[in-house]
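Report on the structure given below.
To find a chain, count down the sequence lines: A is the first, B the second, and so on, and within it residues start at 1.
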Number of protein chains: 2
Amino acid sequence: MTRTPAISVSHLTAHLGYWLRYVSNHVSHAFARKLEAQGVTVAEWALMRELFGVTSVSPSGVAEKLGLTRGAITKLADRLIEKGLATRTRNVKDARGQSLALTASARRLIPKLAVLADQNDAEFFSHLSLEDRRTMERVLKETVKVRGLKSTPVS
Amino acid sequence: MTRTPAISVSHLTAHLGYWLRYVSNHVSHAFARKLEAQGVTVAEWALMRELFGVTSVSPSGVAEKLGLTRGAITKLADRLIEKGLATRTRNVKDARGQSLALTASARRLIPKLAVLADQNDAEFFSHLSLEDRRTMERVLKETVKVRGLKSTPVS
DNA sequence: TATTGTTATACTCTATAACTATA
DNA sequence: TATAGTTATAGAGTATAACAATA
């Protein structure tokens, strides 16, 4: 017969990271489906969120905040600009730097996207008690804080 | 001056899905770095986990469990086989079907990878109280259960 | 020289759809 | 015809590294 493995299966499934990834993948995937109709991807939405509520941001700044490289932001921003959702302007004071900002069109679109995000959250998490929901939110935010954003790639 | 947006930033950041994705991305990324040294990717590890503790599984079965398409499993399995970590055998009873199984080498490797997973979990979640940790685990597993795996693609 | 971005390249992950083999 | 898998193709999402412009 088959030998009992040296490590139990239950041990294997106990990793928080595993479940996090599993659930997150499903949630993101479902959200992507919803965003599709609006011609926006999840990564683009994430960038739009960063640009929202602020006058303008440097690509490097967003890169650090989102934990992406500058190159990745360039490409994401390119796509938003192509879609008329963002603008890129060279800084006057220091012409090496740039500023990313949302267009009026993007600002009009965001509430719609936020509704989709609400719907998606509800679809997956509406069964949670208020307490569980709060714990999740708190734990996730704490983790971000405790871990910091220092994991950001350098180049 | 800038008008106050119709939707507040705090509202935007309140989506559980957002934080889930944010944290999960960081956790997975860090884990990928750790797995790199062992020549395994996170997706490959996920498949290995599914094959672990069972004698053999059909590609379709794993696909459903992981929420991936059969095509995706084919490619993942190809890579594991290439690395000598899995085998693919045609079923005797019904030659349309196949069985995926781990090799002895994979079974030896898994405890090592599990240690890395432990380390990764610790790196991100060691600050959690036991209660928070349990809540997270319970909520994530419940979500999987409640939502079911029906979101699985068809083709 | 250091900093900010861009570009070229490449790889993972995954889907969709067409195709093959078996039933 | 239905089912199980494979393959070809494509696109998102990123990274790395070389490069250009500016300071």
- Please state how far atom CG in D78(B) lies from atom P in dT12(C), giving the value in whole angstrom units. 13 Å
- Assert: residue with more 5' nearest nucleotide on DNA chain C, out of N25(A) and G61(A), is G61(A)
- Message: When you measure from the side-chain N and O atoms of R90(A) to the phosphate of dT22(D), is any distance below 4.0 Å, counting only OP1 and OP2?
- Response: no
- Is the base of dT7(D) touched by the side chain of K75(B) through a donor-acceptor pair closer than 3.5 angstrom? no
- Between dT14(C), dT14(D), dA4(D), which nucleotide has the shortest distance from any of its atoms to the side chain of L68(B)? dT14(C)
- Task: Could you check whether D94(A) gets within reach of a base, just the sugar-phosphate, or nothing at all, counting any heavy atom under 4.0 Å?
- Result: sugar-phosphate
- Item | Polar side-chain atom of D121(B) near backbone of H15(A) as donor-acceptor pair, under 3.5 Å | no
- Per side-chain hydrogen bond (donor to acceptor under 3.5 Å, both in side chains), S99(A) is matched among T89(A), N91(A), T55(A) by N91(A)
- Message: If I take atom CD in residue E44(B) and atom C1' in nucleotide dT12(C), what distance separates them, rounded to the nearest angstrom?
- Response: 9 Å
- Nucleotide nearest R33(A) when distance is taken to its side chain, options dA23(C), dT16(C), dT14(D): dT16(C)
- Note on the structure: The correct set of residues in residues 34-42 of chain A placing a heavy atom under 4.0 Å from DNA chain D is T41(A), V42(A)
- Query: Over how many whole Å does the gap from Y22(A) atom OH to dT14(C) atom P extend?
  - Reply: 12 Å
- Hey, is CZ on R134(B) packed in by over 12 heavy atoms from elsewhere, all under 6.0 Å? no
- Item | Atom-to-atom span, CG of L80(B) to P of dT12(C) - whole angstrom | 13 Å
- Item | dT14(D) OP1/OP2 closer than 4.0 Å to side-chain N/O of T69(A) | no
- K83(A) side-chain N/O to G39(A) backbone N/O, donor-acceptor pair under 3.5 Å: yes
- Query: Choosing from dT6(C), dT14(D), dA4(D), which nucleotide comes nearest the side chain of S60(B)?
  - Reply: dA4(D)
- Query: Within less than 4.0 Å of OP1 or OP2 of dA12(D), is there a side-chain N or O belonging to R79(A)?
  - Reply: no
- Item | Protein-nucleotide distance (R96(B), atom CZ; dT3(D), atom P), rounded to Å | 8 Å
- Task: Could you tell me whether R133(A) sits above the aromatic face of F125(A), with NZ or CZ closer than 6.0 angstrom to the six-membered ring centre and within 45 degrees of the axis?
- Result: no
- Message: Among dA15(C), dG5(D), dT6(C), which nucleotide has an atom closest to any side-chain atom of Q98(A)?
- Response: dT6(C)
- Report the distance from atom CG of L76(A) to atom C1' of dA15(D), rounded to the nearest whole Å. 13 Å
- Do L68(B) and L76(B) touch side chain to side chain, with heavy atoms closer than 4.5 Å? yes
- Task: Keeping the roles fixed (side chain from D132(A), backbone from T135(B)), state whether a donor-acceptor pair exists under 3.5 Å.
- Result: no
- Is T87(A) close to T103(A) at the side-chain level, that is, under 4.5 Å between some pair of heavy atoms? yes
- In whole Å, what is the span from the CG atom of N91(A) to the C1' atom of dA21(D)? 14 Å
- Query: How long is the line joining NE2 of H29(A) and P of dA12(D), in whole Å?
  - Reply: 13 Å
